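These notes are about the structure you will find just below.
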Amino acid sequence: MEPSDELRLLEATGIYRLAGSRAAFLDPVRLLGESYRRFRLVPSAYYSRSFGPSRQGGEAQAEGTAPSPDRKKRKRKRQPKPRELNAVERIAEARHQEARPLLISAHNSLLEAKDLLEFLPGMIRGDECRPNVETSSENNFVELGGSWRAPFYEMTICFQNPHGQDEAGTCGVQKRSSPLFNRIVSVEENDEAEGEFQSRLYILPKRSCFMMTDFTHVRDLIPDNPNIGYNLIVIDPPWENGCVRQKEAYPTLPNRNLLYLPVQELAHPAGALLVLWITNREKLRRFVEEELLPSWGVKDPTEFYWLKVKSDGSLIGDLDLFHHRPYECLLLGYINVNRESESGLKFKVVQGSQVIMSVPGAHSRKPPLQKILSEYIPGPKPPRCIELFARELGSGWTSWGNEPLHFQDSMYFSKK
Ligand code: SAM
């Protein structure tokens, strides 16, 4: 099959825009890869969970079409008798029903993009053998950061000498040491650096910055100069929820603590687009809409959806399964932007919901958003971006959290 222009764009940019719907498919590996010159992300290490083709065989089935008789039988066996929803669950269900047509239309347009479906399995496999993603020997930064030794830990950061040789004329590497916790660490060079810590190597993208601290130190991120700040603020909080607790994936924070995030102080005076990842829990949604966003100065948020698909394009789960939706929501809103004077603004204001689709990586790892949102970001270009509760770094980004180096471990990368 001849690749379409959209497929060529996916290969070049990591984004495939789906015609006729408010939806796009993303390849996070390509998008994140733009931060590196000498390294590449290994697709099979990113797509580490097995979201292989659906078991029903044949083509992935569009939502809203009738399942095969076989599948019907299997479904009947597995489905417990539905119980009546309580009042809060009914509100959540109504919200789902409202989003459903948009999600179905996005998914159907993905299933119609035959060249993309053909391309997907290879994109996920990559052409390298799967590296040894041995997560058990990874450093646990959450634990290390909580120890009394934390202020004494240092990372040795190695840069390639741009002139090939150091002053002594012997090697092409320059080294410096930096405290690892509770400090801002920056890679100002236009080339990635390699950080050594406790016998492991971390790949640090060019022009990236991170601060590894607990929530109690988050105010250290506030820029000294009130005239600088961030134009894109992405927040993916460790919301309290059963799934994270069960998997012991990472520590969670009481929801009300988020009221203390210094979002206003981080926002650029010329405006910031704020993106907040939320779960599908109705109580949380209410807290976010009624208390959290107003306390940050964000009005009238727009809802986007991240719809998760397998390598054959089918959804990772039943769209209508109440407690396990195959999608997550993100709320987008502005800080320091007067939407009343929209015509005078030098960027496109987010209007109406959109759907982002991708094959998920590790548990809770979100797709990178800067490129797909670039036209909606206010302020100077390139924008200054920050991610709160980050687990990875990116060029042009400040990443803060108690483990922003988590996915920078060299086991997720290979040398170009
Ligand atoms: N956006 C990330 C990604 O795409 O991989 C996932 C973020 S995850 C939902 C939340 C993160 O917040 C975890 O890395 C967790 O360790 C971190 N976290 C939990 N409690 C924290 C605290 N008290 N201070 C700072 N970070 C915390």
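The chain is numbered in sequence order, starting from 1. It should be emphasised that the depicted structure is a prediction, and the values quoted were computed from it without experimental measurement.
No side-chain donor-acceptor contact under 3.5 Å links Arg207 and Ser186. If you check the side chains of Asn139 and Tyr153, you find no donor sitting under 3.5 Å from an acceptor. Counted by atom type alone, Ser395 and Tyr36 present zero donor-acceptor pairs between their side chains at under 3.5 Å. Checked by atom type, the side-chain pair Trp397/Gln370 shows a donor-acceptor distance below 3.5 Å. At a cut-off of 3.5 Å, with distance as the only test, no side-chain donor of Tyr305 or Ser353 sits close to an acceptor on the other residue. In summary, the side chains of His96 and Tyr327 do present a donor paired with an acceptor at a separation below 3.5 Å, with no hydrogens or angles considered. Lys206 and Ser208 are not linked by any side-chain donor-acceptor pair at a separation below 3.5 angstrom, with hydrogens and angles left out of the test. Ser4 and Asp115 form a side-chain donor-acceptor contact under 3.5 Å, judged by distance and modelled atom types alone.
Counting all heavy atoms, side chain and backbone alike, Leu18 lies closest to Ser109 at CD2-O, 3.4 Å. Here the closest non-hydrogen pair linking Lys366 and Asp236 is NZ-OD2, 2.8 Å. Across every non-hydrogen atom of Met123 and Phe25, the tightest pair is CE-CE2, 3.9 Å. Between Ile157 and Ala193, the shortest heavy-atom distance links the atoms CG2-CB, 3.7 Å. Contact record, Glu265 with Pro223: O-CD, 3.9 Å, taken as the closest heavy-atom pair. Scanning both residues, Cys329 and Asn280, for their nearest heavy atoms gives SG-OD1, 3.4 Å.
None of Lys381, Lys348, Lys346 except one satisfies the salt bridge (Lys or Arg N to Asp or Glu O under 4.0 Å) rule with Glu375; the exception is Lys348. Of the listed residues (Leu331, Ile233, Leu232, Ile235), just one forms a side chain to side chain contact (heavy atoms under 4.5 Å, CB included) with Val275, and that residue is Leu232. Put simply, the residue from Leu26, Asp27, Ile372 that forms a side chain to side chain contact (heavy atoms under 4.5 Å, CB included) with Pro367 is Leu26.
The neighbour count for Lys415 NZ, taken as heavy atoms of other residues, nucleotides or ligands under 6.0 Å away, does not exceed 12. Surrounding CZ of Phe322 are more than 12 heavy atoms belonging to other residues, nucleotides or ligands, all under 6.0 Å away. Environment of CG in Asn225: crowded, with over 12 heavy atoms of neighbouring residues, nucleotides or ligands closer than 6.0 Å. For Glu143, the CD atom sits in a loose shell: 12 or fewer heavy atoms of surrounding residues, nucleotides or ligands are nearer than 6.0 Å.
Taking the six-membered ring for Trp and thresholds of 30 and 60 degrees, Tyr412 and Phe407 have ring planes more than 60 degrees apart, a perpendicular arrangement. The aromatic rings of Phe347 and Tyr334 lie tilted to each other, with the angle between the two planes from 30° to 60°.
With Ser399 contributing its side chain and Glu387 its backbone, the two residues share no donor-acceptor pair below 3.5 Å.
The existence of a salt bridge linking Arg285 and Glu289 is confirmed by a sub-4.0 Å separation between a basic side-chain nitrogen and an acidic carboxylate oxygen. Looking at Glu291 and Arg286, no side-chain N of the basic residue comes within less than 4.0 Å of a carboxylate O on the acidic one, giving no salt bridge. No salt bridge links Arg176 with Glu194; every basic N to acidic carboxylate O contact stays at or beyond 4.0 Å. Ion pair Arg95/Glu282 flagged as a salt bridge, since at least one NZ, NE, NH1 or NH2 atom sits closer than 4.0 Å to an Asp/Glu carboxylate oxygen.
Residues forming a ring pair (Phe, Tyr, Trp, His ring centres under 6.0 Å) with Phe141 (at least two apart in sequence, or on another chain): Tyr202.
For Trp277 and Trp239, the ring centers sit 6.0 Å or farther from each other.
We find the CG-CE distance between Leu221 and Met211 to be 3.5 Å, quoted to the nearest 0.5 Å.
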Practice task
I would like to know whether Arg100 and Asp320 meet salt bridge (charged side-chain N to carboxylate O under 4.0 Å, His left out); could you show each step before the answer?
Solution key: CA-CA 9 Å; Arg100 207 173 177 276; Asp320 295 315; 2.8 Å; yes
Problem - Evaluation steps, ring-ring contact (aromatic ring centres under 6.0 Å, His included), between Trp400 and Phe389 - result: CA-CA 6 Å; Trp400 168 81; Phe389 303 105; 5.0 Å; yes
